[in-house]
Amino acid sequence: MINRRDRKILPGIFCFRSFSDKSFQQFTQGKMFRVTSEEVYQTEPMNVTLSGGVHKVNLGSNFATGLTDYMFNIMLDYGNPFEVRSRKPFDYFKVRIDLTEGISRKTLDNITGYGFLFGSNSHSYGGLDMLLGDFKVLTTSII
């Protein structure tokens, strides 16, 4: 496990320079070797889902006798849309990529993504939590 001091010093050695300005300030102020019990940086939840499958086409009434199409899906969710806090652009975003191989002539089938631009959380008395705002949407279907 690399501790905080090594994370600040090692990049300087590998980049052929001793310290960055921030690392030098932390070193001179004694903050480089300090150990804290709370988190220094805010962390966001990230969920990655990988899925795959086979699509088998029937020829007439014979089961699973036709061509085979292999499918693979990657989904990435970043951020917590229900956390109550001030929001910044792309605090929450989602990306989905669909890949196929087999019957179709294309490997990259579809890319879909959206990210939060501005807005805020809304809480109703009925227990309904919402993230209201404007989202940037990207949808590309490969032809």
Side-chain angles (χ1 to χ4, degrees), residues 1-59 63-143:
M1 185 81 178
I2 297 176
N3 60 24
R4 185 174 178 188
R5 177 197 56 182
D6 295 337
R7 285 195 310 260
K8 296 294 181 179
I9 292 174
L10 288 176
I13 293 170
F14 290 120
C15 293
F16 300 107
R17 59 182 201 173
S18 59
F19 291 110
S20 66
D21 293 337
K22 185 175 181 180
S23 296
F24 184 72
Q25 288 175 355
Q26 289 178 350
F27 180 74
T28 57
Q29 294 171 359
K31 294 180 180 178
M32 186 175 289
F33 306 107
R34 183 180 63 184
V35 177
T36 60
S37 59
E38 68 272 355
E39 290 186 27
V40 177
Y41 302 106
Q42 181 180 351
T43 58
E44 292 291 335
M46 184 169 71
N47 181 30
V48 178
T49 306
L50 305 173
S51 62
V54 176
H55 179 217
K56 193 82 165 160
V57 179
N58 295 336
L59 287 178
F63 182 70
T65 55
L67 300 172
T68 304
D69 201 9
Y70 301 98
M71 298 171 287
F72 187 69
N73 182 312
I74 303 166
M75 284 183 59
L76 169 71
D77 298 327
Y78 176 82
N80 184 359
F82 303 112
E83 181 181 13
V84 178
R85 65 181 188 134
S86 64
R87 294 289 176 171
K88 297 177 186 169
F90 295 99
D91 269 351
Y92 175 70
F93 66 86
K94 217 177 219 191
V95 176
R96 176 181 171 161
I97 301 172
D98 295 324
L99 305 168
T100 59
E101 184 64 39
I103 300 170
S104 63
R105 60 180 170 78
K106 54 187 173 182
T107 302
L108 181 59
D109 190 30
N110 192 12
I111 300 172
T112 305
Y114 65 87
F116 176 78
L117 292 179
F118 63 86
S120 64
N121 292 84
S122 173
H123 303 285
S124 68
Y125 296 107
L128 183 64
D129 295 338
M130 294 181 282
L131 178 60
L132 301 174
D134 187 27
F135 291 83
K136 175 67 177 170
V137 178
L138 165 74
T139 303
T140 304
S141 182
I142 311 299
I143 299 175

Colleague: Nearest heavy-atom pair of Ser122 and Leu132: which atoms, and what distance?
Modeller: CB-CD1, 3.6 Å
Colleague: If you look at every heavy atom in Asn58 and Thr65, which pair is closest and at what distance?
Modeller: C-OG1, 4.3 Å
Colleague: Once rounded to the nearest 0.5 Å, what's the spacing between atom CZ of Phe82 and atom CE of Met130?
Modeller: 10.0 Å
Colleague: Compare every heavy atom of Tyr70 with every heavy atom of Val54, then report the nearest pair and how far apart it is.
Modeller: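 Closest heavy-atom pair between Val54 and Tyr70: CG2-CD2, 3.7 Å.
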Colleague: Report the distance from atom CZ of Phe116 to atom CG of Asp134, rounding to the nearest 0.5 Å.
Modeller: 8.5 Å
Colleague: Do Asn121 and Arg87 have side-chain atoms, one donor and one acceptor, less than 3.5 Å apart?
Modeller: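 Distance-only check passes for Asn121 and Arg87.
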Colleague: CZ of Phe118 to CZ of Phe135: how many Å apart, nearest 0.5 Å?
Modeller: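 If I round to the nearest 0.5 Å, the distance is 10.5 Å.
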Colleague: Is the shortest side-chain heavy-atom distance between Asp77 and Phe93 below 4.5 Å?
Modeller: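 They are not in side-chain contact.
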Colleague: Could you walk me through whether Leu99 and Leu108 satisfy the side chain to side chain contact (heavy atoms under 4.5 Å, CB included) test, starting with their C-alpha distance in whole Å, then the side-chain angles of each, then the deciding distance to 0.1 Å, before giving a yes or no?
Modeller: CA-CA 5 Å; Leu99 305 168; Leu108 181 59; 3.5 Å; yes
Colleague: Working to the nearest 0.5 angstrom, can you tell me the gap between Leu131 CG and Glu83 CD?
Modeller: 11.0 Å
Colleague: For the pair Leu76 and Ile74, evaluate side chain to side chain contact (heavy atoms under 4.5 Å, CB included) and give the outcome as yes or no after the intermediate values.
Modeller: CA-CA 7 Å; Leu76 169 71; Ile74 303 166; 5.7 Å; no
Colleague: So does Arg85 pair up with Glu44, basic N to acidic O under 4.0 Å?
Modeller: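 Here Arg85 pairs with Glu44 in a salt bridge, since their nearest N and O are under 4.0 Å apart.
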Colleague: So which atom in Tyr92 and which in Asn80 form the shortest heavy-atom distance, rounded to 0.1 Å?
Modeller: CD1-N, 4.3 Å
Colleague: Between Asp98 and Phe72, does a side chain to side chain contact (heavy atoms under 4.5 Å, CB included) hold up when you go through it step by step?
Modeller: CA-CA 6 Å; Asp98 295 324; Phe72 187 69; over 6 Å; no
Colleague: Apply side chain to side chain contact (heavy atoms under 4.5 Å, CB included) to residues Arg96 and Asn73 and explain how you reach the verdict.
Modeller: CA-CA 7 Å; Arg96 176 181 171 161; Asn73 182 312; 3.0 Å; yes
Colleague: Of His55, Glu101, Lys56, which is the lone residue that meets side chain to side chain donor-acceptor pair (under 3.5 Å) with Thr68?
Modeller: Lys56
Colleague: Between atom NZ of Lys94 and atom OH of Tyr114, what is the distance when rounded to the nearest 0.5 Å?
Modeller: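 That separation rounds to 4.0 Å.
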